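Taking it in order: structure first as structure tokens, then the write-up.
Counting begins at 1 with the first residue of the sequence. These numbers come from a predicted model, not from an experiment. Indexing begins at 1, ligand by ligand and atom by atom, following the structure's order.
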Amino acid sequence: ASKAGGDVTIEYGKKLNEQLLSRLQLETDLRHAIERGELELYYQPQQSMNDEGLIGFEALIRWRRNGELVSPASFIPLAEETGLIVTIGDWVLEQSCLQLQKWMTDAKCRITVAVNISPLQFADPFFVNKVERIITASGVNPACIELEITEGVMVNDIGATTKMLKALQNIGVRLAIDDFGTGYSSLSYLTQLPVEKLKIDQSFVRDITVASPQQTVVQATIGLAHNLGMIVIAEGVETEVQQRLLKSWGCDEIQGYYYSRPLQASAASVFLYSRKIT
Ligand code: C2E
Ligand code: CA
Ligand code: CA
Ligand code: CA
């Protein structure tokens, strides 16, 4: 019996070891992903509910690791744990600005690129300077860059957060609250934050086609945001029924598979040029 138990322990130890090794390997690989040029941005179109159509794109990161496309859900958490997200985040912002600059030159139209900002990036005291430096270097209009922050960054110190957001606004970038409704921020924060846009999380959008608490939450959120002078975008919109409902409730913009999946830069360019000829 003791031998069997020993084997189990050895097996268990082996497994732990393997997990640890693969995590270490992942971390090492991620460290080199940028310099090896393995990171890539996809761009998901965002659509206005009025006749304007395409208003811009959200930049979403992908990692081409050993030829396979890795989703951010499986490496962003590790990037955050290890602090690598700061370097990655700089790259994402730089890359987004360069792409936008290219689109502006080619299409000569006004679109925005939305960039996800991790709470760790936001915690960097030099973050505002960095954003300003990257945007200035690229030559894009700061008003065409939108930073998406989650409720998580605001729960700590509302005073410091507000100051930071105001500084970002002074640079001229736009701000959006991402995944709205999934965090723990109190609604009273919302009235104090200098934020232009609210993104309703896809977990709420999923169930709006039937009478549900989600329906009520989405309708109330749209009303609240509008009363505070904010624009509302719903994410994860997959069907025409969802799109029509959101429109009837006054939602300003949508993003989701119904309009388009996230696209590689080249495909996003085709999407843009076919819709925006000025
Ligand atoms: P997110 O910011 O909430 O991005 C929306 C996610 O929903 C994306 O997943 C997008 O591909 C997916 N999506 C879009 N439309 C639909 C739809 O109609 N149905 C469904 N089911 N899903 C849809 P993705 O690209 O896998 O990204 C996952 C998360 O990883 C993002 O969630 C964001 O939190 C994070 N992320 C992505 N890129 C970056 C980045 O550059 N920096 C940071 N810090 N985080 C990033
Ligand atoms: Ca986002
Ligand atoms: Ca989101
Ligand atoms: Ca999300």
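Within the 4.0 Å heavy-atom criterion, neither part of Q255 lies near ligand 1. At a heavy-atom cutoff of 4.0 Å, ligand 1 is contacted by the backbone of V237 but not by its side chain. Residue contacts with ligand 1, taken as heavy atom pairs separated by less than 4.0 Å, involve R62 solely via side-chain atoms from C-beta onward. With a 4.0 Å heavy-atom cut-off, ligand 1 is reached by no atom of D201.
If you check each of V205, N116, I254 against atom 45 (N) of ligand 1, the one with the closest non-hydrogen atom is N116. When the heavy-atom distances from atom 22 (N) of ligand 1 to Y257, Y259, F75 are ranked, the shortest goes to Y257. Remark: among candidates D179, T239, L60, I85, the nearest residue to atom 3 (O) of ligand 1 is D179, based on non-hydrogen atoms. Compare L120, I61, L41, D178 by their heavy atoms: the one nearest to atom 38 (N) of ligand 1 is in I61.
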Inset, instruction - List the steps and the verdict of salt bridge (Lys or Arg N to Asp or Glu O under 4.0 Å) for E196 and R174. - result: CA-CA 7 Å; E196 283 90 12; R174 296 202 240 180; over 6 Å; no
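Electrostatic pairing of D90 and K130 counts as a salt bridge here, judged by a charged N lying under 4.0 Å from a carboxylate O.
Below 4.0 Å from some heavy atom of E238 lie the following atoms of ligand 1, by number and element: 17 (C), 18 (O), 19 (N), 20 (C), 21 (N). Per-residue contacts place S118 under 4.0 angstrom from the following atoms of ligand 1 (heavy atoms of the residue considered): 44 (N). The distance from ligand 1 to the heavy atoms of E235 drops below 4.0 Å at these ligand atoms: 3 (O), 5 (C). Residue contact check: P72 has heavy atoms under 4.0 Å from atoms 24 (P), 25 (O), 26 (O), 27 (O), 28 (C), 30 (O), 37 (C) of ligand 1. Counting atoms of ligand 1 from 1 in the listed order, those under 4.0 Å from a heavy atom of G256 are 15 (N), 18 (O).
For the side-chain hydrogen bond (donor to acceptor under 3.5 Å, both in side chains) test with E58, the passing option among Q44, Q255, Q46 is Q255; the others fail.
Contact annotation: the side chain of I149 approaches that of F122 to within less than 4.5 Å [non-hydrogen atoms, C-beta and beyond]. Under the 4.5 Å side-chain criterion, counting only non-hydrogen atoms from C-beta, I61 is not in contact with Y42. Contact annotation: the side chain of S260 never approaches that of Q47 to less than 4.5 Å [non-hydrogen atoms, C-beta and beyond].
Residues L100 and V113 come closest through the heavy atom pair CD1-CG2, 3.9 Å. A pairwise comparison of heavy atoms in P77 and P72 identifies CD-O, 3.7 Å as the closest pair.
One finds an angle of 90° at the Ca ion (ligand 2) between OE2 on E58 and OE1 on E148, to the nearest 10 degrees.
Remark: R206 is not positioned above the aromatic ring of F204, lacking an NZ or CZ atom under 6.0 angstrom from the ring centre and at most 45 degrees off the axis.
Side-chain atoms of S48 and E253 include no donor-acceptor pair closer than 3.5 Å.
Coordination check, D179 versus the Ca ion (ligand 2): failed, since every N/O/S atom of the residue sits at 3.0 Å or beyond. Not one N/O/S atom of E235, from backbone or side chain, sits under 3.0 Å from the Ca ion (ligand 2).
Under a hydrophobic clustering in which Ile, Leu, Val, Met, Phe, Trp and Tyr are joined whenever their side-chain heavy atoms come within less than 4.5 Å, directly or via other members, I111 and I55 fall into different clusters. Connection of I177 to L120 is established within a shared hydrophobic cluster, with ILVMFWY side chains joined at heavy-atom distances below 4.5 Å, either directly or through further cluster members.
Contact annotation: E58 has at least one heavy atom less than 4.0 Å from an atom of ligand 1. Contact annotation: G89 has no heavy atom less than 4.0 Å from any atom of ligand 1.
Atom OD1 is the N/O/S atom of D178 found closest to the Ca ion (ligand 3).
Note: no N/O pair closer than 3.5 Å links E80 and ligand 1 by distance alone. Residue E148 has no nitrogen or oxygen atom sitting less than 3.5 Å from a nitrogen or oxygen atom of ligand 1, judged on distance alone. At under 3.5 Å, not a single nitrogen or oxygen of S71, backbone or side chain, sits near a nitrogen or oxygen of ligand 1. For the pair Y258 and ligand 1, the shortest N or O to N or O distance does not fall below 3.5 Å.
Ring-plane geometry between F57 and Y43 is classed as perpendicular, the angle between the planes exceeding 60 degrees on a 0 to 90 degree scale with a lower cut at 30.
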